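Comments concern the structure below.
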Amino acid sequence: MTETAPKTREELFRFLDELGIKHATKDHPPVYTVAESVSLRDEIPGGHTKNLFVKDKKDQFFLLTVEENAAVDLKTVHTLIGGASKVSFGKPEKLMEYLGVEPGSVTAFGAINDAGHNVTFVLDADLMKNDIINCHPLSNDATTSIARDDLIRFMEATGHTPLVLKVTA
């Protein structure tokens, strides 16, 4: 079995262009936490994301994409997303294997690398009230802005049907 290399930022942008999806990207120093990215708010309008890569005891993986300051109850979220048990954070090796990103660069755009459909993508309903959603373009040294409906269209084009659920407190 041959492993395919994760898609690059340029391949992501080409895919978005092929779908006719408008996107804008702002380069910035790498950010690893929401706190580090706060300084970018004035420069980049729209909903900013926090991503939680989690799994249940049956090794079902989920990516929860929520508004950057939202709280997620990891003890109960499995009841909302269809998990078989309480969830815990997925290991960095699985994050790279399934989404092609490292910790600190987790993004809904990782769907482009999940050819095996190993991950269920969950977009928080509150986040999806924003017209523009901001996500890392597969690395944490830039932020890409995309229309809410186009984010869903992108995910569907990768073969994923994201769940839009209220998963935040």
Side-chain angles (χ1 to χ4, degrees), residues 6-54 61-74 77 80-81 87 89-90 92 95-96 98-114 119-169:
K7 299 267 192 282
T8 64
R9 165 179 158 161
E10 291 70 28
E11 289 170 309
L12 169 66
F13 295 160
R14 192 165 40 254
F15 186 68
L16 293 171
D17 291 343
E18 288 167 3
L19 294 171
I21 292 176
K22 287 174 44 177
H23 54 95
T25 298
K26 170 126 178 92
D27 291 304
H28 51 71
V31 292
Y32 295 91
T33 65
V34 168
E36 289 178 349
S37 67
V38 168
S39 64
L40 302 170
R41 294 306 151 261
D42 293 340
E43 300 175 41
I44 307 171
H48 292 267
T49 56
K50 170 169 62 178
N51 295 276
L52 306 173
F53 180 66
V54 298
F61 287 83
F62 302 86
L63 182 69
L64 310 178
T65 300
V66 304
E67 197 275 326
E68 65 182 345
N69 295 312
V72 176
D73 185 348
L74 292 180
V77 74
L80 303 171
I81 63 175
V87 297
F89 288 104
L95 182 61
M96 178 54 76
Y98 294 157
L99 301 184
V101 296
E102 296 177 346
S105 297
V106 185
T107 174
F109 288 132
I112 197 168
N113 286 315
D114 185 28
V119 179
T120 298
F121 291 85
V122 180
L123 303 171
D124 185 60
D126 286 349
L127 172 69
M128 298 306 283
K129 292 176 183 173
N130 291 283
D131 292 334
I132 300 294
I133 308 294
N134 295 293
C135 301
H136 289 310
L138 307 175
S139 64
N140 64 356
D141 58 356
T143 298
T144 296
S145 304
I146 185 172
R148 167 193 58 231
D149 295 343
D150 285 341
L151 177 59
I152 291 175
R153 202 157 59 87
F154 156 79
M155 292 189 140
E156 289 173 344
T158 68
H160 297 84
T161 302
L163 304 174
V164 178
L165 303 169
K166 174 124 173 78
V167 295
T168 53

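Values below: all heavy atoms of this structure, side chains included; hydrogens, waters and symmetry mates excluded. We number each residue from 1, following the sequence as shown. All figures in this text were calculated on a predicted structure; none of them were measured in a lab.
Phe61 and Tyr98 have perpendicular rings, their planes meeting at more than 60° on a 0 to 90° scale where under 30° would count as parallel.
In this structure, CD1 in Ile44 is found 9.0 Å from OG1 in Thr25, a value given to the nearest 0.5 Å. For the atom pair CZ (Phe53) and CZ (Phe62), the distance works out to 11.0 Å, reported to the nearest 0.5 Å. In this structure, Leu64 CG and Asn51 CG are separated by 8.5 Å, a value rounded to the nearest 0.5 Å. Interatomic distance, Leu165 CG to Ile81 CD1, rounded to the nearest 0.5 Å: 8.5 Å. Distance check, rounded to the nearest 0.5 Å: CG of Asp131 to CZ of Arg148 gives 5.0 Å. Taking CG of Leu16 as the start and CZ of Arg14 as the end, the distance is 11.0 Å to the nearest 0.5 Å.
The nearest pair of heavy atoms linking Asp124 to Val66 is CB-CG1, 3.7 Å. Residues Lys7 and Asn113 share a closest heavy-atom pair of N-OD1, 2.7 Å. Ala70 approaches Thr168 most closely through the heavy-atom pair CB-CG2, 3.4 Å. The two residues Pro103 and Pro92 have their closest heavy-atom pair at CG-CB, 3.9 Å. Nearest heavy-atom pair, Arg9 versus Pro137, reported as atom, atom and distance to 0.1 Å: CB-O, 3.6 Å. Heavy-atom minimum distance, Met155 versus Leu123: SD-CD1, 4.1 Å.
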Check against side chain to side chain contact (heavy atoms under 4.5 Å, CB included), Phe89 and Leu95: CA-CA 10 Å; Phe89 288 104; Leu95 182 61; over 6 Å; no
Derivation and outcome, side chain to side chain contact (heavy atoms under 4.5 Å, CB included), residues Asn134 and Ser145: CA-CA 4 Å; Asn134 295 293; Ser145 304; 2.4 Å; yes
Audit row: Asp17, His23, side chain to side chain contact (heavy atoms under 4.5 Å, CB included) steps and yes/no: CA-CA 8 Å; Asp17 291 343; His23 54 95; 2.8 Å; yes
Criterion side chain to side chain contact (heavy atoms under 4.5 Å, CB included) on Thr65 and Leu151, from CA distance to verdict: CA-CA 12 Å; Thr65 300; Leu151 177 59; 5.7 Å; no
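With contacts defined as side-chain heavy-atom distances shorter than 4.5 Å, the pair Thr144/Cys135 does not qualify. Within the 4.5 Å cutoff, side-chain heavy atoms of Lys166 are placed close to those of Asp126. Leu138 has its side chain out of reach of Glu11: every pair of non-hydrogen atoms, C-beta onward, lies at least 4.5 Å apart.
Judged by distance alone, with hydrogens and angles left aside, the side-chain atoms of Lys22 form no donor-acceptor pair with the main-chain N or O of Ala147 at under 3.5 Å.
For Phe15, the ring pair (Phe, Tyr, Trp, His ring centres under 6.0 Å) criterion is met by Phe154, not counting sequence neighbours.
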Show every donor-acceptor pair shorter than 3.5 Å between a side-chain atom in residues 104-112 and any protein atom, with sequence neighbours excluded, or say none if there are none.
| residue | atom | partner | partner atom | Å |
| --- | --- | --- | --- | --- |
| Ser105 | OG | Asn140 | N | 3.1 |
| Thr107 | OG1 | Phe109 | N | 3.1 |
| Thr107 | OG1 | His136 | O | 2.7 |

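Pairs engaging residues 103-114 under the salt bridge (Lys or Arg N to Asp or Glu O under 4.0 Å) rule: none recorded [sequence neighbours left out].
Of the options Leu52, Leu99, Thr120, Val122, a side-chain contact (heavy atoms from CB on, under 4.5 Å) to Leu63 is made by Leu99 and by none of the others.
Salt bridge status for Arg153 with Asp150: present, with a side-chain N to carboxylate O gap under 4.0 Å.
Around the CD atom of Glu68, the shell of radius 6.0 Å holds more than 12 heavy atoms that belong to other residues, nucleotides or ligands. Within a 6.0 Å sphere centred on NZ of Lys26, other residues, nucleotides and ligands contribute 12 heavy atoms or fewer.
His48 and Asn130 are not linked by any side-chain donor-acceptor pair at a separation below 3.5 angstrom, with hydrogens and angles left out of the test.
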